[in-house]
Amino acid sequence: MDPDAVSKAFVEHYYSTFDANRPGLANLYQDSSMLTFEGQKIQGSQAITAKLNSLPFQQCQHHISTVDCQPSGTGGMLVFVSGTLQLAGEQHALKFSQMFHLMPTPQQSFYVQNDIFRLNYA
């Protein structure tokens with residue numbers, strides 16, 4: 001398993017799903033998963049999906065600038081993403097950073113154990 005290839009594939013899948021079919025992100029999280037979104041902690045797949053679906057915009061497009069990854073000692077990997085978020089109807093893109101801790105599943109794939117999202121204000 002090449003961590004760089006796995007993290008790149010995950011990032012492409014996550015953000016294309018977020019931009020086109022946000023409810024489709026539900027299967028990437030489990031009941032033990034935790035999201036910290038702008039400082040608000042949310043636990044469990046259903047609560048995380050509800051939070052992401054309740055964001056005050058329906059259409060957006062993520063543009064990824066960097067993806068960094070490291071294997072974690074538990075068979076998983078840490079993935080750190082930076083980029084911009086373009087909201088429909090807005091002239092200026094928002095800068096963001098997001099960190100994922102991916103954990104392996106028995107089916108030889110990964111789920112999101114931890115997810116931290118922050119907008120980056122200048």
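Heads up: numbering here begins at 1 and tracks the sequence. Predicted model, so just to flag it, every value in this text is computed and none were measured.
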> Does the side chain of Val79 come within less than 4.5 Å of Asp68's, by heavy atoms?
no

> Going through the checks in order, is the side chain to side chain contact (heavy atoms under 4.5 Å, CB included) test met by Met77 and Ser7?
CA-CA 8 Å; Met77 66 180 66; Ser7 63; 4.2 Å; yes

> Rounded to the nearest 0.5 Å, how far apart are CG of Asp115 and CG of Leu25?
9.5 Å

> Hey, any chance Ile116 and Val11 share a hydrophobic cluster, counting ILVMFWY side chains that come within less than 4.5 Å of each other, even indirectly?
no

> Can you check whether Thr17's main-chain N or O pairs, donor with acceptor, with Asn21's side chain at less than 3.5 Å?
no

> State, yes or no, whether a side-chain contact exists between Lys51 and Ile42 at a heavy-atom distance under 4.5 Å.
yes

> Under a 4.5 Å cut-off applied to non-hydrogen side-chain atoms, are Asn53 and Thr49 in contact?
yes

> Are side-chain heavy atoms of Met99 and Val81 found at a separation under 4.5 Å?
no

> Is there a donor-acceptor pair under 3.5 Å between the side chain of Ser45 and the backbone N or O of Ala26?
yes

> Is atom CD of Gln43 surrounded by more than 12 heavy atoms (other residues, nucleotides or ligands) closer than 6.0 Å?
yes

> Any chance you could lay out the side chain to side chain contact (heavy atoms under 4.5 Å, CB included) test for Phe96 and Ser82, step after step, and finish with the verdict?
CA-CA 6 Å; Phe96 76 93; Ser82 66; over 6 Å; no

> Please find the pair of heavy atoms, one from Cys60 and one from Phe18, that lie closest to each other, and give the distance.
SG-CE2, 3.7 Å

> About how many Å separate CZ of Arg118 and CZ of Phe37, when rounded to the nearest 0.5 Å?
10.0 Å

> Would you check if the side chain of Glu38 reaches a backbone N or O of Leu119 as a donor-acceptor pair within less than 3.5 Å?
yes

> Which is it for Arg22 and Leu55 under the side chain to side chain contact (heavy atoms under 4.5 Å, CB included) test, yes or no, and what are the steps along the way?
CA-CA 10 Å; Arg22 220 174 296 168; Leu55 294 174; 3.6 Å; yes

> Check for a donor-acceptor pair, side chain of Ser72 on one end and backbone N or O of Gly76 on the other, with a separation under 3.5 Å.
yes

> Is there a chain of hydrophobic side chains (I, L, V, M, F, W, Y, each step under 4.5 Å between heavy atoms) that links Phe117 to Leu52?
yes

> Kindly determine whether Gln30 and Gln113 satisfy side chain to side chain contact (heavy atoms under 4.5 Å, CB included), including the steps that lead there.
CA-CA 7 Å; Gln30 295 188 359; Gln113 176 63 44; 5.8 Å; no

> Taking C-beta and beyond as the side chain, do His92 and Glu90 meet within less than 4.5 Å on heavy atoms?
no

> Under 6.0 Å between the ring centres of Tyr29 and Tyr111?
no

> Please round to the nearest 0.5 Å and tell me the distance separating atom CG of Leu94 and atom CG of Leu87.
5.0 Å

> Tell me if a side-chain donor or acceptor on Ser33 pairs with a main-chain N or O of Gly44 at a distance below 3.5 Å.
no

> State the CD-CD distance between Gln59 and Gln86, to the nearest 0.5 angstrom.
12.0 Å

> With rounding to the nearest 0.5 angstrom, report the NZ to CD1 distance, Lys41 to Ile48.
13.0 Å

> Determine, using ring centers only, whether Phe10 and Phe100 are less than 6.0 Å apart.
yes

> Supply the atom-to-atom distance Leu78 CG to Asn114 CG, rounded to the nearest 0.5 angstrom.
8.5 Å

> Strictly under 6.0 Å, is that where the ring centroids of His62 and Tyr14 end up?
no

